[in-house]
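Since this is a predicted model, take the numbers as computed values, not measurements.
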Amino acid sequence: MSEDKKLQENIEEKGQTTEDSTPQNGVETQESAQLSDVKEVEKAEPPKTEEPEEGGDQPVASDKEGTAEDGDVQNPDNTEDVLEEIDENNAEDAEDTDNEHRHNIPMLDYHSMSMENLVGELQRLVRNEKVQAIKKHVDGIKAEFDLKFQDFIEQKKEDFIANGGNEIDFRYNSVTKRQFNEVYADYREKRNQYYKNLEKDLKNNLKKRLEIIEELKGLVNVEEDMNTTYKTFKDLQEQWRNAGPVPRTHYNDVWRTYQHHVEIFYDFLHLNRELRDLDFKHNLAEKEKLIKQAEALATEPDLNKVFRELQILHKIWKEDIGPVGQEHRDEIWERFSNATKVLHQRRQDYYKQLDAEYEKNWERKQVIIAEIAHLANNVANNHKGLQQQIKKVEELRNDFFGAGKVPRSKNEKTWAEFKEAVRSFNRNKNAYYKNLKKEQQENLNKKRALLDLALSLKDSEDYDTTTPEMKRIQAEWKKIGHVPRKYSDKIWKEFKSACNHYFDRLHALKNKGQHEEEENLAKKEACLERLKALELSDDRDADLQRLKDFVAEWKSYGRVPFRKKNIDQKFNKILDALFKKLGVSHQDAELIKYGNKVQELAQAENERAIQNERSFIRKKIEEYKGEIRQLETNLQFFSNASEDNPLVKDVIDRVNKHKEALATWKAKLKKLNILENSMNREAEATEDEETEDTDEATE
């Protein structure tokens, strides 16, 4: 590849425009001419050695990272590839010394991070780190974010279509995506500005170094004192050290060309062996120091540090130390190369361990994918069960992203299988909810009917009837399934408000009634004590009236607390005993007591209360008739048994008691009918009088 092409690619990599990359003052042409002999120089290069790892918590070959989903570490198979990596990274560091800082920035596990956390990490890097040192980190974050966002937006689109939308109308405004784009745009702007400012200096430095090479080449043709020429050579070496960084695409080629001509100069210097041998001796000593440092790294446990130090040693070997005598060149390089190979083997062993871990991660992900696929093929047929499955799938998704990297060869297929399993579940889930819409509309209609009923009852004064009805519709409401989301909150609030309104009124009434019930209890207890102390006289009619007065007084007091309701039984027991002493039958006694109830109904003039009482009596009559029929049917099974048989006798007694009770309830119904007829006649008479008054007024 031509040097013009290399420089152009370098400029494009930095994000510059075509105008920025135009060569000025013929620099590019000069470079091409001066570097034309590099291919021949490269043939004389020693074997390549291994590159140390870059950045992150693990020694990962930074330029060999896997895809955004997962990936294994690239394992160089020979020292040629490793040394090439070292050369490339040293070239990048040489372009700007701040680039070295990237080795100290941890490379986090972006694959396991959520989109929100990825945005936060990108923002932290752009704000706090040098823009030229975070390229690989930003690329890793962007690849992961794009992957996750694509999966996220595809799910949203599927949900949109499943809910009846048209794909062409799908739009989704993601705040997280907008934030990511803003931070990434900020990074690109800073990066482009940085490289735009850097490019001019790099070109000038490259021009300066090429001029030094030209001067170095000319030294072998200068006819002057050798000491003066050597001094000029040393000056050129010092200028080279201070010439500044060059574009990374030219770094290695320029260095090789320079080193090539340095060696030519030393060969030329054979005319003055003393000066050359002093340099060779010094360079040999320095390179032996580097070899010892490389060999010492074999015991360093931190692989990040090992390969970072190795990279620095290769850079010093290459840039700062000149050649050694020909007789030592192969030996000294072999020693340095062997030390590098030892570290390279450690790296290979580490990669094998990583490969084993990645294989386990792949196996774990296969289990997760199978679990998701099983759920996709067995979607629940109810909302509760499906919600549990949705939660389970989300947990499995998190487990998948947290399971770590897989081998590069299995990465793409694993990711595709995972997405297909998740999407299959989502499609089946959406199909269920699509069918559920019709059911939800029916549920909405049912709840609206209950709401209307609750609104009609919320101000009712008939608490005995309304309270169980309100409880019933509340229970019915709970049995009804979900309604469309847009109506859910509104209809629930209206229903809850109606129910609360009624029960707040009921509770307020109960609180008031509790005080009244306590007062009624005190009055009834006093009445009961007086009834206990009552002594009958010889005047039956007077005694009977006194008992009727007790019944009327008792009825006037109303309810007592539930815990004391047995006081009515005590009163009736004493009352029945007194009626019995007066010779009043049980039925007549019941009718006397019921007479007070009839008077209360007459005074209230409440037609609804009379109808409720009528319904209650008729219900009791039917109950007793049914009991009597059942008992008489049972007697037929004892047709051959004597009436003295205890079982037969018990059934006969029960039949007689039920018949007496039935007669009593019929008598109560008769009294109620008489009351109702009397009230109807009075109403008709009142209506006739009003009509006559109207006629007279007309005349």
Side-chain angles (χ1 to χ4, degrees), residues 155-156 158-165 172-173 175 379-395 426 428-518 520 558-563 565 604 606-609 611-612 615-616 619:
Q155 289 189 50
K156 291 297 181 183
E158 288 182 1
D159 292 344
F160 176 77
I161 295 172
N163 290 328
Y172 191 84
N173 182 23
V175 176
V379 170
N381 59 0
N382 61 82
H383 175 71
K384 182 178 180 181
L386 190 51
Q387 287 299 308
Q388 292 175 345
Q389 288 184 331
I390 292 172
K391 182 178 179 181
K392 179 62 176 177
V393 169
E394 186 61 28
E395 292 174 354
N426 288 334
N428 294 337
K429 172 199 70 176
N430 292 337
Y432 167 79
Y433 281 115
K434 187 174 182 179
N435 295 330
L436 194 63
K437 278 189 173 182
K438 181 179 179 181
E439 180 183 338
Q440 289 183 342
Q441 187 60 43
E442 294 175 353
N443 293 340
L444 178 62
N445 295 336
K446 293 177 182 178
K447 287 192 173 183
R448 280 175 172 165
L450 292 181
L451 172 61
D452 292 340
L453 182 56
L455 290 173
S456 69
L457 295 175
K458 70 185 184 71
D459 293 314
S460 172
E461 299 290 343
D462 185 3
Y463 295 103
D464 290 340
T465 303
T466 304
T467 299
E469 180 65 6
M470 289 294 283
K471 290 181 178 180
R472 183 193 69 79
I473 63 177
Q474 283 182 319
E476 187 68 23
W477 181 282
K478 293 179 180 179
K479 295 177 183 177
I480 300 175
H482 291 275
V483 302
R485 184 177 299 177
K486 61 181 179 180
Y487 301 111
S488 178
D489 289 343
K490 184 175 183 295
I491 194 171
W492 164 244
K493 288 178 181 177
E494 292 178 357
F495 180 75
K496 182 180 178 182
S497 177
C499 293
N500 287 346
H501 177 80
Y502 173 79
F503 284 106
D504 287 344
R505 291 176 54 244
L506 177 63
H507 294 154
L509 182 65
K510 282 186 175 180
N511 291 337
K512 180 181 178 182
Q514 286 178 356
H515 178 68
E516 294 177 353
E517 288 176 356
E518 291 293 340
N520 293 337
R559 293 182 177 178
V560 298
F562 183 79
R563 69 183 188 280
K565 68 177 184 177
N606 188 332
E607 292 185 5
R608 184 171 181 178
Q611 292 300 324
N612 289 340
S615 297
F616 176 74
K619 182 178 179 181

K.L.:
Could you check whether Arg448 and Tyr487, counting side-chain N and O atoms only, form a donor-acceptor pair closer than 3.5 Å?
P.N.:
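On atom types as modelled, these side chains do not qualify, holding no pair under 3.5 Å.
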K.L.:
Who pairs with Asn173 by side chain to side chain donor-acceptor pair (under 3.5 Å), at least two apart in sequence or on another chain?
P.N.:
Arg178
K.L.:
Could you tell me whether Arg505 atom CZ has more than 12 heavy atoms of other residues or ligands within 6.0 Å of it?
P.N.:
yes
K.L.:
As an exercise, state the distance from NZ of Lys493 to CG of Leu451, rounded to the nearest 0.5 Å.
P.N.:
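Nearest 0.5 Å value for the NZ-CG distance: 14.0 Å.
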K.L.:
To the closest 0.5 Å, what do you measure between CD (Gln387) and NZ (Lys392)?
P.N.:
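The NZ atom of Lys392 is 16.0 Å from CD of Gln387, to the nearest 0.5 Å.
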K.L.:
Starting from the C-alpha separation in whole Å, work towards a yes-or-no answer on side chain to side chain contact (heavy atoms under 4.5 Å, CB included) for Gln440 and Leu444.
P.N.:
CA-CA 6 Å; Gln440 289 183 342; Leu444 178 62; over 6 Å; no
K.L.:
Is the closest basic N to carboxylate O distance between Glu518 and Arg563 below 4.0 Å?
P.N.:
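Answer for the salt bridge query: yes.
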K.L.:
Which class fits the ring pair Trp477 and Phe495: parallel under 30°, tilted 30 to 60°, perpendicular over 60°?
P.N.:
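Parallel.
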K.L.:
How long is the straight-line distance from CD1 of Ile491 back to NZ of Lys496, given to the nearest 0.5 Å?
P.N.:
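One finds 15.0 Å between NZ of Lys496 and CD1 of Ile491.
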K.L.:
Using the salt bridge (charged side-chain N to carboxylate O under 4.0 Å, His left out) rule, collect all pairs that involve residues 468-478, keeping only residues at least two apart or in two chains.
P.N.:
Glu469-Arg472
K.L.:
Once you round to the nearest 0.5 Å, how far does SG of Cys499 lie from CE of Met470?
P.N.:
4.0 Å
K.L.:
Can you check whether Leu506 reaches Phe503 side chain to side chain, under 4.5 Å on heavy atoms?
P.N.:
yes
K.L.:
Do the charged groups of Glu442 and Lys446 touch, with an N to O distance under 4.0 Å?
P.N.:
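Lys446 and Glu442: not salt-bridged.
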K.L.:
Checking Ser456 side chain against Leu453 main chain: does a donor-acceptor pair fall under 3.5 Å?
P.N.:
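Indeed, once roles are kept as given, a pair shorter than 3.5 Å links the two residues.
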K.L.:
Can you tell whether the side chains of Lys458 and Asp452 come within less than 4.0 Å, N to carboxylate O?
P.N.:
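So Lys458 does not pair with Asp452 through a salt bridge.
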K.L.:
Using a cut-off of 6.0 Å, state whether more than 12 heavy atoms not belonging to Tyr432 lie near its atom OH.
P.N.:
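Count over threshold, so yes.
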K.L.:
Nearest 0.5 Å please: distance from the OG1 atom of Thr467 over to the OH atom of Tyr502.
P.N.:
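So the gap between those two atoms works out to 2.5 Å.
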K.L.:
If we count only N and O atoms by modelled type, under 3.5 Å, do the side chains of Ser497 and Asn500 hold a donor and an acceptor together?
P.N.:
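No - no donor-acceptor pair under 3.5 Å links their side chains.
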K.L.:
Could you tell me the separation between the CG atom of Leu386 and the CG atom of Asn428, rounded to the nearest 0.5 Å?
P.N.:
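Between atom CG of Leu386 and atom CG of Asn428 there are 9.5 Å.
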